[in-house]
Amino acid sequence: PVSGQFALLPSTVRWPATDRAPAPKSVISAEDLTIWLGFMKASEIAFIIDACHSGAAVDTPDFKPGPMGDASLGQLAFDKGLRILAATQADDVALENAALANGFLTAALGEGLTPEGGPADLDKDGRIVLDEWLRYAVARLPSLNEEVRRGGGAMAARGVRLVMRTPTAPPKAQEPSLFDFNKAPSPVVLRGRP
């Protein structure tokens, strides 16, 4: 990928200790994602990225939602009505839960959708649809951060470790980004009656 462009670094990334950047063929670039998602033929697509700086996948300085025809992931999301949930803003880090071996966004999504239903049923109609579940995670993350920071809540009992940027930095709540370019409510029912 070109320097300064969004890319995902999978666990198989090759990044020699003496190099300033990972081997380009070992990362997943925004261009790769755009191509892969562009070929998908589905009426509903949700793409969830629980990684640092993940908002940069769509929120680039030159992206403006609209029919402009550029080749970015943001433009593809707009054109196809994709829902992209990013764990953070473009310039921020994603916090992780060591005991659960996942990030806070993944924990919020898991909390929202349980075998019995879950609190992601925001409209209390007995079912959880895709966009409702994504919105739940966005709304839940700030309070989850606060619970962990105070050392309380169910997540603290599971061994959450909050890592600051620097030892003197004040705690900053992780703020997810939901890019929902689908104008209609999702018909995809995740839990409850169809």
Enquirer: For a quick test of reading the model, state the closest non-hydrogen atom pair linking G103 to D50 and the distance between them.
Expert: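 Answer, listing the atom of G103 first, then D50: CA-OD2, 3.3 Å.
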Enquirer: Distance-only, no hydrogens or angles: does the D121 side chain make a donor-acceptor pair with backbone N or O of I128 under 3.5 Å?
Expert: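 Judged by distance alone, no pair lies under 3.5 Å.
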Enquirer: Identify all side-chain donor-acceptor contacts of residues 8-22 below 3.5 Å with residues at least two apart in sequence or on another chain.
Expert:
unit_1, atom_1, unit_2, atom_2, d
W15, NE1, D19, O, 3.1

Enquirer: Where the side chain of D79 meets the backbone of L76, is there a donor-acceptor pair that is under 3.5 Å apart?
Expert: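 Between the backbone of L76 and the side chain of D79 there is no qualifying donor-acceptor contact (under 3.5 Å).
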Enquirer: Please walk me through it: do D131 and V188 pass side-chain contact (heavy atoms from CB on, under 4.5 Å)?
Expert: CA-CA 8 Å; D131 54 333; V188 176; over 6 Å; no
Enquirer: Ignoring hydrogens and angles, tell me if any N or O in the side chain of R191 forms a donor-acceptor pair with the backbone of T114 under 3.5 Å.
Expert: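 Confirmed, R191 side chain pairs with T114 backbone.
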Enquirer: Between the side chains of T88 and Q174, is a donor N or O closer than 3.5 angstrom to an acceptor N or O?
Expert: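 Judged by distance alone, the side chains do not pair up.
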Enquirer: Report yes if the side chains of W36 and I28 come closer than 4.5 Å at any heavy-atom pair, otherwise no.
Expert: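 They are in contact (side-chain heavy atoms under 4.5 Å apart), so the answer is yes.
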Enquirer: Out of curiosity, does F181 fall in the hydrophobic cluster containing F6 (side-chain heavy atoms, cut-off under 4.5 Å, transitive links)?
Expert: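 F6 and F181: one cluster.
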Enquirer: Any chance you could measure R83, atom CZ, to D180, atom CG, to the nearest 0.5 Å?
Expert: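 Reported to 0.5 Å precision, the distance equals 4.5 Å.
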Enquirer: Taking C-beta and beyond as the side chain, do L190 and V129 meet within less than 4.5 Å on heavy atoms?
Expert: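 SC-SC contact between L190 and V129 ruled out.
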Enquirer: Can you check whether A87's main-chain N or O pairs, donor with acceptor, with S54's side chain at less than 3.5 Å?
Expert: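 Yes: the side chain of S54 pairs with the backbone of A87.
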Enquirer: State, yes or no, whether a side-chain contact exists between F47 and L85 at a heavy-atom distance under 4.5 Å.
Expert: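 Result no, sub-4.5 Å side-chain heavy-atom pair not found.
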Enquirer: If I compare all heavy atoms of L134 with all of A46, which pair ends up nearest, and what's the gap?
Expert: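 Result for this residue pair: CD1-CB, 4.2 Å.
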Enquirer: For the residue pair G55 and A86, what are the closest heavy atoms and their distance?
Expert: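 Where G55 meets A86 most closely, the heavy atoms are N-CB, 3.6 Å.
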Enquirer: If I compare all heavy atoms of P176 with all of Q89, which pair ends up nearest, and what's the gap?
Expert: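 In this case the closest contact between P176 and Q89 is O-NE2, 3.2 Å.
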Enquirer: Give a yes or no on whether the backbone of I45 and the side-chain of K80 come within a donor-acceptor separation of less than 3.5 Å.
Expert: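 Not at all, since once roles are kept as given, no pair shorter than 3.5 Å links the two residues.
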Enquirer: Do the charged groups of E132 and R127 touch, with an N to O distance under 4.0 Å?
Expert: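 Here E132 does not pair with R127 in a salt bridge, since their nearest N and O are not under 4.0 Å apart.
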Enquirer: What closest approach, in Å, do E44 and P187 show between heavy atoms, and which atom pair accounts for it?
Expert: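 Scanning both residues completely, I find the closest heavy atoms to be OE2-CD, 3.2 Å.
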Enquirer: Does L130 share a hydrophobic cluster with L105, counting links as ILVMFWY side-chain heavy atoms below 4.5 Å and allowing steps through other members?
Expert: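 Yes, L130 and L105 fall within the same hydrophobic cluster.
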Enquirer: Would V189 and L122 show up in the same hydrophobic cluster when neighbours are defined by side-chain heavy atoms closer than 4.5 Å?
Expert: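 In one cluster with V189: L122, no.
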Enquirer: Could you state the interatomic distance from CG (D32) to NZ (K25), rounded to the nearest 0.5 Å?
Expert: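 Reported value, rounded in 0.5 Å steps: 10.0 Å.
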Enquirer: Can you measure from CG (N182) to OG (S43) and round to the nearest 0.5 angstrom?
Expert: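 Separation between the atoms: 8.5 Å.
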Enquirer: Assigning hydrophobic clusters by single linkage (Ile, Leu, Val, Met, Phe, Trp, Tyr; side-chain heavy-atom cutoff under 4.5 Å), is L113 placed with F104?
Expert: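 Both belong to a single hydrophobic cluster.
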Enquirer: Are L73 and I84 packed together at the side-chain level, in the sense that at least one heavy-atom pair is separated by less than 4.5 angstrom?
Expert: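 Heavy-atom side-chain distance check passes, below 4.5 Å.
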Enquirer: Would you confirm whether W133, through its side chain, and L109, through its main-chain N or O, come within 3.5 Å as a donor-acceptor pair?
Expert: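 Present.
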Enquirer: Can you list everything that forms a salt bridge (charged side-chain N to carboxylate O under 4.0 Å, His left out) with E175? Sequence neighbours excluded, please.
Expert: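 Salt bridge (charged side-chain N to carboxylate O under 4.0 Å, His left out) check on E175 returns nothing, list empty.
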Enquirer: I need the minimum non-hydrogen distance between A139 and S143, along with the two atoms involved.
Expert: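 Result for this residue pair: O-OG, 4.4 Å.
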